[in-house]
Amino acid sequence: MTRGRSDGSQKKRLIATICVVAIFLGFLYAYYGSIFGNQDSALQHGSKSLSHYLMRNEDSEESSTTTEQEDADDDVIPKSYPVCDDRHSELIPCLDRHLIYQMRLKLDLSLMEHYERHCPPPERRFNCLIPPPAGYKVPIKWPKSRDEVWKANIPHTHLAHEKSDQNWMVVKGEKIVFPGGGTHFHYGADKYIASIANMLNFSNDNLNNEGRLRTVLDVGCGVASFGGYLLSSNIIAMSLAPNDVHQNQIQFALERGIPAYLGVLGTKRLPYPSRSFELAHCSRCRIDWLQRDGILLLELDRLLRPGGYFAYSSPEAYAQDEEDLRIWREMSDLVGRMCWRIAAKRNQTVIWQKPLTNDCYLQREPGTRPPLCRSDDDPDAVWGVQMEACISPYSDRDHKAKGSGLAPWPARLTSPPPRLQDFGYSNEMFEKDTEMWRRRVESYWNLLSPKIETDTIRNVMDMKANMGSFGAALKDKDVWVMNVVPEDGPNTLKLIYDRGLIGTTNNWCEAFSTYPRTYDLLHAWTVFSDIEKKECSSEDLLLEMDRMLRPTGFIIIRDKQSVIDLIKKYLPALHWEAVATADASSDSELDSDEAIFIVQKKLWLTSESVRDSE
């Protein structure tokens, strides 16, 4: 406020008094008004300052002894959190383009750096609960959800109009329906998948090839109908797309109950280990595969198993105009130098195959590009690692094996994978781990049984997956698991892929690359203890878990009793409800200082989001 000038001292005193009162009222508004519904930026950022304020404000009537003790403790527990502004209902903190603009990050848009992860510093993190959109409903259950979702849950229909001639999705009343079409398979993903299997001469036109083809990477996946229709063939796809002009495509995929992840072929390696997929797929994915000496094709090469396939459906594979012919010639030359061969080519699709051994690489002329990667390059190092335009050769062991050495699915799930040797793990250790988690999951489901039906849970995340045995124990349930391996621990993600499961890596001091409300169950085994050692905020992690979890979804926390006790104090603020607990006295699997705590996220209302449940 700007003060006016006056020659009279009385007028000056009056103006000064008004200014003081105005400043005082403004102070009250800034602190109290925000809590009762006006979420300004000061409240949405900076978790510690808001937590301390809320605690002091609401606990003023407690005993002085308790107050002094809590004030002395740096971790003060809030009694409530504000609700984020409605415009943040789809917030992905590490993929937030508004943050990029606000922080004035200098990124190369031509290399898709703006679609890669850029996480907010601690002082810019949101300390509020992400609201659902108006009219949000409990998601439709699998398998019905593969073909339809509630429009209110993802109120974006532009793709239905933009792709109306390709059968991506159709708006029908309160629902969005997915006929199974795609840019290159207007008449259905199931027919397209069978045609690929037929091209490869697989028996019965079944792409799983009697269990030998299990894991698939679908690049530029759209709404993931390709991956959705693979599931009936016992094939699991990691459907990958950025949060680009086709916004919400991954959100639609996850709402449908189809495995999917937000990511981009840009400058950094995809967060998957080498030799993870039997098939990579691109259907009109609009990627310039020739850029930067073929660096993006070389990233696919790193991810493919020995003898793996790349199915490419695009005009370059069949069109006869001058530009498409030029691209086809240059791609053919590039993949030839990469030692790929054409396994099949028909109509609009070409399928290349990667070699089984290093023989072809060693027979190339000296100086042939792309070169082999340096001997000290770790092809499994992915977190924040820049791509390089080089070929990752096989190890001596893999070269001699002439293949991945994996059992067909489903035996693959419980067979010790060859890459156990990389960690010094024995087959016996693997088998004991598998059996231990089978018992633990059985115990979890017994605790959950009063609250769930067979179709209650579909999308599951194991936040510290180790060898993937938690996910393996869920094989007979109609769920899929995103197995997450922390980036600073043993890089066991390749064992998970070798078991025929999928996953990614993450730093739990940061947000995960997914939309809000995308998982039905989160499993956190010692995750809180781990981030405490890194001096990261447990409060930030709780808010992130709340962001990822669907309303009515569950969290299973297995950790130290002291961690469980701390989390219990946050339940009212997060609108979570305790479902079950167990400790060493009731569960012989638990150590003396270990406990299990299961919570459920409540449906909560705001003035802008009125939800109905099925």
Side-chain angles (χ1 to χ4, degrees), residues 90-101 103 105-120 156 159 162 168 182-183 216-224 226-227 237-254 258-274 276-277 280-304 310 312-314 379 381-389 482 484 487 493 502-507 510-516 518:
E90 294 173 353
L91 176 70
I92 310 165
C94 293
L95 296 170
D96 182 7
R97 270 168 284 176
H98 297 294
L99 176 72
I100 293 173
Y101 301 143
M103 296 185 68
L105 301 179
K106 295 181 179 179
L107 305 175
D108 191 331
L109 304 189
S110 68
L111 302 182
M112 302 296 177
E113 283 187 296
H114 54 307
Y115 294 136
E116 295 182 323
R117 286 174 59 89
H118 303 283
C119 297
H156 301 283
L159 276 178
E162 182 182 340
W168 277 36
T183 307
V216 171
L217 176 66
D218 187 16
V219 180
C221 64
V223 293
F226 181 76
M238 178 66 80
S239 297
L240 181 80
N243 186 20
D244 61 7
V245 292
H246 294 149
Q247 289 181 25
N248 308 97
Q249 52 192 341
I250 292 297
Q251 189 178 17
F252 278 118
L254 291 165
I258 299 170
Y261 184 79
L262 278 164
V264 68
L265 282 163
T267 66
K268 295 181 174 65
R269 285 177 170 175
L270 294 177
Y272 318 120
S274 67
S276 293
F277 302 98
H281 172 256
C282 158
S283 173
R284 198 68 177 270
C285 53
R286 297 184 178 181
I287 293 173
D288 177 8
W289 297 107
L290 296 173
Q291 63 175 284
R292 292 176 282 161
D293 300 319
I295 195 169
L296 304 184
L297 265 181
L298 289 161
E299 175 65 357
L300 290 191
D301 183 83
R302 181 183 71 84
L303 295 172
L304 285 174
F310 177 40
Y312 183 54
S313 296
S314 185
V382 296
W383 188 252
V385 176
Q386 296 288 322
M387 290 183 195
E388 291 190 39
M482 179 66 78
V484 182
E487 52 84 26
L493 192 56
I502 61 169
T504 186
T505 187
N506 196 60
N507 176 359
E510 301 174 355
F512 188 77
S513 294
T514 193
Y515 284 90
T518 46

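Contacts of Tyr272 classified as ring-ring contact (aromatic ring centres under 6.0 Å, His included), with partners at least two apart in sequence or in another chain: Phe277. Tyr261 meets the ring-ring contact (aromatic ring centres under 6.0 Å, His included) test with Phe512; sequence neighbours excluded. Residues passing the side chain to side chain contact (heavy atoms under 4.5 Å, CB included) test with Pro120, sequence neighbours excluded: Pro93, Cys94, Leu99, Arg124, Arg125.
To the nearest 0.5 Å, atom CG of residue Asn506 and atom OG of residue Ser513 are 6.5 Å apart. The distance from atom CG of Leu297 to atom CG of Asp288, rounded to the nearest 0.5 Å, is 9.5 Å. Separation of atoms NE2 (His281) and CZ (Phe310) is listed at 8.5 Å; rounding is to 0.5 Å. Between the CG atom of Asp301 and the CG atom of Leu296 there is a distance of 12.5 Å, given to the nearest 0.5 Å. We find the CD-OG1 distance between Glu487 and Thr505 to be 6.0 Å, quoted to the nearest 0.5 Å. Going from atom CG of Leu262 over to atom OG1 of Thr504 covers 11.0 Å, rounded to the nearest 0.5 Å.
Arg97 contributes a side-chain N or O that, together with a main-chain N or O of Asn243, makes up a donor-acceptor pair within less than 3.5 Å. No donor-acceptor pair closer than 3.5 Å links the side chain of Arg292 to the backbone N or O of Ala389. Without hydrogens or angle criteria, Glu113 side chain to Asp108 main chain gives a donor-acceptor distance under 3.5 Å. The backbone N or O of Gly384 lies less than 3.5 Å from no partner atom in the side chain of Arg117, so there is not a single donor-acceptor pair. In terms of modelled atom types and a separation under 3.5 Å, the side chain of Asp293 and the main chain of Ile295 share no donor-acceptor contact. A donor-acceptor pair is defined here as one N or O able to donate and one able to accept, closer than 3.5 Å; no such pair exists between the side chain of Tyr515 and the backbone of Ile250.
Residue Pro259 comes nearest to Ile502 through the heavy atom pair CB-CD1, 3.6 Å, listed as atom of the first residue, atom of the second, then distance. For Gln249 against Ala241, the heavy-atom pair with the smallest separation is NE2-CB, 3.5 Å. Across every non-hydrogen atom of Leu300 and Leu217, the tightest pair is CD2-CD2, 3.9 Å. Closest approach of Cys119 to Glu510, counting heavy atoms only: SG-OE1, 3.4 Å. Considering every non-hydrogen atom in both Ile100 and His114, the closest pair reads CD1-O, 3.5 Å. In terms of heavy-atom proximity, Glu299 sits nearest to Leu270 at OE2-N, 2.9 Å.
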Open item on the list: Using the rule given for side-chain contact (heavy atoms from CB on, under 4.5 Å), can you reason through Met112 versus Leu265, listing the C-alpha separation, both sets of side-chain angles and the distance that settles it, and then say yes or no?
Closed with: CA-CA 8 Å; Met112 302 296 177; Leu265 282 163; over 6 Å; no
Open item on the list: Show, in sequence, the C-alpha distance, side-chain angles and deciding distance for Met482 and Leu254, and conclude whether the side-chain contact (heavy atoms from CB on, under 4.5 Å) test is met.
Closed with: CA-CA 11 Å; Met482 179 66 78; Leu254 291 165; over 6 Å; no
Open item on the list: Apply side-chain contact (heavy atoms from CB on, under 4.5 Å) to residues His118 and Leu107 and explain how you reach the verdict.
Closed with: CA-CA 10 Å; His118 303 283; Leu107 305 175; 3.6 Å; yes
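Atom CE of Met387 has more than 12 heavy atoms from other residues, nucleotides or ligands within 6.0 Å.
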